[in-house]
2 protein chains.
Amino acid sequence: MIIKLDMASEVPIYVQLRNAVVIGIGKGELVPGEGLPTVRQMAEDLGVNTMTVNKAYGILKNEGFIEIDRRHGARVNPQKDKFGVFREKAEDELLLLISEATVRGVEKSEFMALCEKVYAGMCMPDAKLV
Amino acid sequence: MIIKLDMASEVPIYVQLRNAVVIGIGKGELVPGEGLPTVRQMAEDLGVNTMTVNKAYGILKNEGFIEIDRRHGARVNPQKDKFGVFREKAEDELLLLISEATVRGVEKSEFMALCEKVYAGMCMPDAKLV
DNA sequence: TATTTGTATTATTTATTATAATACAAATAT
DNA sequence: ATATTTGTATTATAATAAATAATACAAATA
C-alpha cells in the first residue's frame with residue numbers, strides 16, 4: 001500500500017496517515033488481519049518521525065480500525081458502528097458538506113451522483129495485485 | 001441566527017464560526033445581501049476575542065461566502081463553484097467519509113439515505129420566522 | 001541470547017490558536 | 001463639523017499542538 005503525504009498541507013501528518021489507512025481499509029486494499037508496517041518501518045518509508053507514526057497508530061487503535069500487540073505488531077481489525085457514533089459524526093460532516101454544496105450551486109442530484117462516483121471507485125477487490 | 005460554540009472542541013473557534021455561517025447560508029437562514037453582525041458585536045455575543053471573529057470573516061471572504069466593505073460591514077454574498085474547486089474538495093472528503101462508512105458496516109443504501117435525511121433538513125424557507 | 005516489537009519518557013523547536021490592548025482610515029449618523 | 005462605528009492592522013503574550021530527536025524498557029520472537 002502506497003501512502004502519499006503532503007508536507008505542505010495544513011492537515012497534520014499523523015492525521016493524513018490515519019486517513020490513508022482508513023481509506024485503504026475502506027477500499028479493501030487493507031484486509032482484516034493484514035499487518036501494517038512496523039512503526040519504525042513506516043516512519044522510515046515516509047521519512048517522518050517514529051512518534052508521528054506511533055500517534056497515528058494509537059488513534060487508529062482507539063478508533064477501532066486496528067489492533068496492536070507486541071507479538072504481531074499492528075493488524076487491521078475494523079470494528080462496526082455499534083452505537084451509531086459514526087452515523088452521528090457522519091451526519092454532522094454531511095450537513096457541512098451539503099451546505100457548502102448548496103451554496104456553490106451544486107444540485108442535490110449532482111451531489112448524489114458525486115457519492116455514486118466515489119462508491120464506484122471504492123470496490124477494488126484486486127487492488128493489492130495492481 | 002443563533003451560533004453555538006463548543007469551547008471544549010478540538011475544532012478551532014474561528015473554524016466553528018466559519019462552518020456555522022456556511023451552514024446558515026446553505027440552509028437559507030442567511031440570505032444573499034443579508035448583513036452579518038459586526039466583528040465586535042459577534043465577538044461580544046459569542047464571548048470571544050474580536051480577532052477570532054475577524055479571522056473567521058476573513059476566511060469566509062476569501063472563500064467567497066461573504067463580501068466586506070467599510071460601509072455595510074459583512075454581507076452574505078455566496079459565489080458559485082465555477083472551476084470545480086469545491087467539487088474536487090468534496091470528492092476527497094466523501095472518499096474519506098464513505099471509506100469509514102464502509103468499514104463501520106454502513107451500507108451504501110444507508111449512506112445515501114443519510115444524505116437524503118440531511119437534505120430533508122436543509123430546506124427551511126421560513127427558518128428566520130421561527 | 002540478540003533482535004524486534006510497541007510504547008514511554010524527556011527535551012526541543014516550530015506553528016497554531018486565542019486573547020489583549022491599541023490604533024487608523026473610511027464611512028456613517030447626528 | 002464632530003463623534004461614532006466600521007473593518008483592519010499591529011504588537012505582544014500565553015497556551016496549546018505538532019513534529020522531531022535521542023533514548024530506554026518490557027514483552028515477544030527468532
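Only heavy atoms go into these numbers, but all of them, side chains included; no hydrogens, no water, no symmetry mates. These numbers come from a predicted model, not from an experiment. Below, chains carry the letters A, B, ... as their sequence lines are ordered, and counting in each starts from 1.
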Answer yes or no: is there an ion pair linking R75(B) with E34(B), defined by an N-O contact shorter than 4.0 Å?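 No, no charged N to carboxylate O under 4.0 Å.
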Before accepting this row, confirm whether a basic side-chain N of the pair K117(B)/E91(A) lies closer than 4.0 Å to the acidic partner's carboxylate O.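 E91(A) and K117(B): salt-bridged.
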Tell me the interatomic distance from [X], atom [atom1], to [N], atom [atom2], rounded to whole angstroms.
X      : N       : atom1 : atom2 : value
E10(B) : dA17(D) : CD    : P     : 8 Å
R40(A) : dG6(C)  : CZ    : C1'   : 7 Å
E44(A) : dA21(D) : CD    : C1'   : 16 Å
I59(A) : dA18(D) : CD1   : P     : 8 Å
I13(B) : dT16(D) : CD1   : C1'   : 13 Å
N62(A) : dT7(C)  : CG    : P     : 10 Å
N49(B) : dA18(C) : CG    : P     : 10 Å
L36(A) : dT7(C)  : CG    : C1'   : 16 Å

Partner nucleotide, any strand, of [N] [Watson-Crick/G-U, under 3.5 Å]:
N       : result
dA29(C) : dT2(D)
dA28(D) : dT3(C)
dA19(D) : dT12(C)

Taking only the side-chain nitrogens and oxygens of [X], find out if one of them lies under 4.0 Å from OP1 or OP2 of [N].
X      : N       : result
K55(A) : dA19(D) : no
T52(A) : dT20(D) : yes
N54(A) : dT7(C)  : yes
K61(B) : dT8(D)  : yes

- Query: Does R104(B) make a cation-pi contact with F111(B) (under 6.0 Å, within 45 degrees of the axis)?
  - Reply: no
Given the options R87(A), K27(A), K89(A), E100(B) meets salt bridge (charged side-chain N to carboxylate O under 4.0 Å, His left out) only with K89(A)
Of dT5(C), dG7(D), dA22(D), the nucleotide closest to the side chain of M51(A) is dA22(D)
Discussion item. One pair to check against side-chain contact (heavy atoms from CB on, under 4.5 Å): V22(A) and L60(A). What are the steps and the verdict?
Written reply: CA-CA 8 Å; V22(A) 171; L60(A) 287 165; 3.9 Å; yes
Give Y14(B) one of three labels, base, sugar-phosphate or nothing, depending on what nucleic acid heavy atoms sit under 4.0 Å from its own.
sugar-phosphate
